[in-house]
Amino acid sequence: MSDTFPPPPPEQPQPQPEPQFRPAEQPSPWAAPAEPPRKQRTGLIVTLVAVGGLVVAGGTVALVLSLMDSVQDSIALPPRSQAPFSEPYAEEPVEPTPEATVTESDMKKDVTIIACTRDPRIGWQSAKVKVVNGSSTTADYTIMMEFLDKEGVKVADGGAGVIALEPGGSVVKTAQGLGEVPRGTTCRISDVWRTPSKSAD
């Protein structure tokens, strides 16, 4: 080495960088204890979701099957008839119109009041009626009477009957009222029934 160049200076120690982390601080003895870490419930949630899906799927399948059964029942065709084919029925014959029946007014024409009196001893009213059979068969008659006061109010009832009166025949009967009536009471035919006599058979 030449003496003209001085020796290099000795190397100086380089300063070391300070550490970037600090030791953990010691917890305070008066601080509340830290909460324990929560357990993971992922497995439970997955299980519940799977069970719920199975229940919903099963209910849907059952509903679809029941709807299909009901639709099938509603559109089911009736059983096929085993009867042989036949021609359409012919029109039914029209029945003849029955003869007009005898009305009540026609029956009342067979009965006529010929007397209307009040018994002075007991105050009961009676009426004498003449019955003429205007039908073509032997008939029985039932005659109902009403007894009315001066104001037209019914105060008593009475009746008479005729059995086996021949066609065109006539008879006089008394229709006796039941119960005391005032003076001046009048008589009126209320109903007449004429039926074929059984004794004529």
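Heavy-atom basis, side chains included; hydrogens, waters and symmetry copies ignored.
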K.L.:
Work out which heavy atom in Val132 is nearest to a heavy atom in Leu165; give both atom names and the distance.
P.N.:
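So the two residues come closest at C-CD2, 4.3 Å.
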K.L.:
Check residues 174-181 and write down every donor-acceptor pair under 3.5 Å in which the side-chain atom is one partner and the other belongs to a residue at least two apart or another chain.
P.N.:
residue	atom	partner	partner atom	Å
Gln176	NE2	Gln125	O	3.3

K.L.:
Taking only Lys NZ, Arg NE, NH1 and NH2, and the carboxylate oxygens of Asp or Glu, determine whether Arg194 and Asp110 approach each other closer than 4.0 Å.
P.N.:
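Salt bridge present between Arg194 and Asp110.
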K.L.:
Indicate the atoms forming the closest heavy-atom contact of Ala164 with Asp140, along with that distance.
P.N.:
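Shortest heavy-atom contact: N-OD1, 2.6 Å.
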K.L.:
For Arg183 and Arg118, work out which heavy atoms get closest and say how close.
P.N.:
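Smallest interatomic distance, heavy atoms only, reads CG-NH1, 3.8 Å.
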K.L.:
Taking side chain to side chain contact (heavy atoms under 4.5 Å, CB included) as the criterion, tell me which of Val155, Leu148, Thr117 meets it with Thr185.
P.N.:
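The passing option is Val155.
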K.L.:
So if I apply the side chain to side chain contact (heavy atoms under 4.5 Å, CB included) rule between Met145 and each of Val111, Asp157, Ile189, which one comes out positive?
P.N.:
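That would be Ile189; it is the only one of Val111, Asp157, Ile189 passing the side chain to side chain contact (heavy atoms under 4.5 Å, CB included) with Met145.
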K.L.:
I'd like to know if the side chain of Lys108 and the backbone of Ser190 have a donor-acceptor N/O pair within less than 3.5 Å.
P.N.:
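Looks like yes, one N/O pair under 3.5 Å.
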K.L.:
Tyr141 versus Val192: any side-chain heavy-atom pair under 4.5 Å?
P.N.:
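SC-SC contact between Tyr141 and Val192 confirmed.
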K.L.:
As an exercise, state the distance from OG1 of Thr138 to CD1 of Ile163, rounded to the nearest 0.5 Å.
P.N.:
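Answer rounded to 0.5 Å: 13.0 Å.
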K.L.:
Looking at side-chain heavy atoms only, is the closest gap between Ser170 and Asn133 below 4.5 Å?
P.N.:
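With C-beta onward as the side chain, the pair stays apart.
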K.L.:
Got a donor-acceptor contact below 3.5 angstrom from the Asp149 side chain to the Val153 backbone?
P.N.:
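A pair under 3.5 Å: yes.
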